[in-house]
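What you see is a predicted model, and the numbers here were worked out from it, not measured in a lab.
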Amino acid sequence: MTSLEKRFVNSPGHSRNIARLFEQRLRHIPEVAPGMSYLDVGCGNGAAARQIARSFGLDVTGVDADPEQIVLAKAKAGGAGRVCFREADATRLPFEGESFHIVATNKVTHHIAAWPRAIAEMARVLVRGGYLVYGDFVFPEWLAPLARRAVPDGGYPTVGGLEAAAEMAGLAPIHWKRAPFTLEVVWWKPGPPVIG
């Protein structure tokens, strides 16, 4: 992320909006209970992670590939309970399989050239019966290959590619909201309920 992008995403107004967006998306999950584990992939300054921990009583872990963002997230958390932050690559998450009840990510995969691998990793660390909450830009099927040739380091998720990645990971959509260049999905990893 450029310094200009960081200035925007770390602004108080943007941080509040993202936290509210994460809360709204969680409302699509049939059961969210205090004490459930939640992973925020691409947590940035940690605003959404802290809000989710406060609002829902979840045990939240935030990861980001940018060490500066993790330093900022830890500083803003100030030792608050129920939330921790660590540097991690979304394509190689440092967690055991089936570690989290909910995994969430927003506007992250378009920064990752190997974004299908990131989706597979998020699904891997998700418990059976858990939920993957996703939101990002999507590219038209015809444009993604052209963009990849022009800027190979970027990620260019497409609707078809995301559907294929989710199917390969064994995920089923329970919420789907498409806008011209964005997609919001909540996928369920089939299995027994995550609470009980």
Side-chain angles (χ1 to χ4, degrees), residues 1-66 68-86 88 90 100-112 115 118-119 122 125-126 130-138 155 157 159 162 166 171 173-189 194-195:
M1 221 180 341
T2 67
S3 59
L4 182 62
E5 286 176 295
K6 282 186 189 178
R7 192 173 311 136
F8 171 72
V9 300
N10 290 332
S11 69
H14 184 264
S15 295
R16 278 191 303 276
N17 288 340
I18 294 302
R20 278 195 294 270
L21 181 66
F22 271 72
E23 282 188 333
Q24 290 169 1
R25 288 180 182 160
L26 279 182
R27 308 254 182 243
H28 296 289
I29 295 176
E31 66 279 335
V32 178
M36 292 172 76
S37 54
Y38 179 99
L39 177 63
D40 182 346
V41 178
C43 66
N45 67 13
R50 292 189 309 276
Q51 183 64 35
I52 293 300
R54 276 192 305 269
S55 297
F56 293 90
L58 303 183
D59 293 323
V60 178
T61 301
V63 297
D64 202 290
D66 185 334
E68 292 176 8
Q69 292 293 82
I70 293 300
V71 167
L72 182 60
K74 287 179 176 179
K76 289 182 176 274
R82 302 196 89 90
V83 63
C84 67
F85 298 100
R86 66 189 286 187
F100 296 93
H101 297 107
I102 300 167
V103 177
T105 187
N106 184 66
K107 301 283 192 312
V108 173
T109 54
H110 75 275
H111 291 288
I112 304 170
W115 63 264
I119 297 292
M122 289 183 238
V125 301
L126 189 62
Y131 298 89
L132 173 51
V133 182
Y134 175 91
D136 206 345
F137 299 112
V138 287
V159 170
L162 285 163
L171 302 173
I174 64 164
H175 167 73
W176 184 276
K177 181 180 176 185
R178 173 82 194 273
F181 293 101
T182 61
L183 180 66
E184 174 182 300
V185 186
V186 177
W187 285 294
W188 175 62
K189 186 174 182 179
V194 295
I195 58 172

Subject >> Check: Glu184 and Leu21 side chains under 4.5 Å, non-hydrogen atoms >> reply: yes
Subject >> Counterpart residues, ring pair (Phe, Tyr, Trp, His ring centres under 6.0 Å), relative to Phe22 (two or more places apart) >> reply: none
Original post:
What are the two closest heavy atoms between Ala53 and Arg82, and how far apart are they?
Top reply: CB-O, 3.9 Å
Subject >> Spacing of OG belonging to Ser37 relative to CG belonging to Leu58, to within rounding of 0.5 Å >> reply: 8.5 Å
**OP:** Could you tell me the separation between the CH2 atom of Trp187 and the CG atom of Leu171, rounded to the nearest 0.5 Å?
**Re:** 7.0 Å
Subject >> Heavy-atom neighbours of Lys76 NZ exceed 12 at 6.0 Å >> reply: no
Original post:
What are the two closest non-hydrogen atoms of Leu126 and Leu132, and how far apart are they?
Top reply: CD2-N, 3.8 Å
Subject >> Within 6.0 Å of CD in Glu23, more than 12 heavy atoms from elsewhere >> reply: yes
Subject >> Interatomic spacing from CG in Asp66 to CG in Asn45 - rounded to 0.5 Å >> reply: 11.0 Å
**OP:** Any pair with a residue in residues 26-52 that passes ring-ring contact (aromatic ring centres under 6.0 Å, His included), sequence neighbours left out, goes on the list, sorted by first then second residue, please.
**Re:** His28-His175
Subject >> Heavy-atom closest pair, residues Ile70 and Val63 >> reply: CD1-C, 4.2 Å
Original post:
Does a side chain donor of either Gln24 or Arg27 reach within less than 3.5 Å of an acceptor in the other side chain?
Top reply: no
Subject >> Name of the residue among Gln69, Lys74, Glu68 meeting side-chain contact (heavy atoms from CB on, under 4.5 Å) with Leu72 >> reply: Gln69
**OP:** Calculate, to the nearest 0.5 Å, the distance between atoms CD1 and CG belonging to Ile52 and Asp40 respectively.
**Re:** 8.5 Å
Original post:
Excluding sequence neighbours, so at least two apart, what forms side-chain hydrogen bond (donor to acceptor under 3.5 Å, both in side chains) with Asp136?
Top reply: Thr109, His110
**OP:** Evaluate the side chain to side chain contact (heavy atoms under 4.5 Å, CB included) criterion for residues Leu183 and Trp176: first the C-alpha distance (whole Å), next the side-chain angles of each, then the deciding distance (0.1 Å), finally the verdict.
**Re:** CA-CA 7 Å; Leu183 180 66; Trp176 184 276; 3.6 Å; yes
Original post:
Mind checking whether Ile174 and Pro30 have side chains closer than 4.5 Å, heavy atoms only?
Top reply: yes
Original post:
side-chain hydrogen bond (donor to acceptor under 3.5 Å, both in side chains) with Tyr131: which of His101, Glu31, Lys189?
Top reply: Glu31
**OP:** Taking all heavy atoms of Ala73 and all of Gly44, pick out the closest pair and write down the distance.
**Re:** CB-O, 3.8 Å
Original post:
How far apart are the C-alpha atoms of Phe85 and Asp64, what are their side-chain angles, what is the distance that settles it, and do they pass the side chain to side chain contact (heavy atoms under 4.5 Å, CB included) test?
Top reply: CA-CA 8 Å; Phe85 298 100; Asp64 202 290; over 6 Å; no
Original post:
Heavy atoms, side chains only, cut-off 4.5 Å: are Val138 and Arg178 in contact?
Top reply: yes
Original post:
How long is the span from the CZ atom in Arg16 to the CD1 atom in Ile18, to the nearest 0.5 Å?
Top reply: 12.0 Å
Original post:
If you look at every heavy atom in Val103 and Val125, which pair is closest and at what distance?
Top reply: CG2-CG2, 4.0 Å
Subject >> Over all atoms of both residues, closest heavy-atom pair of Asp59 and Gly35 >> reply: OD2-O, 3.3 Å
Original post:
Atom SG in Cys43, atom CZ in Arg50: separation rounded to 0.5 Å?
Top reply: 9.5 Å
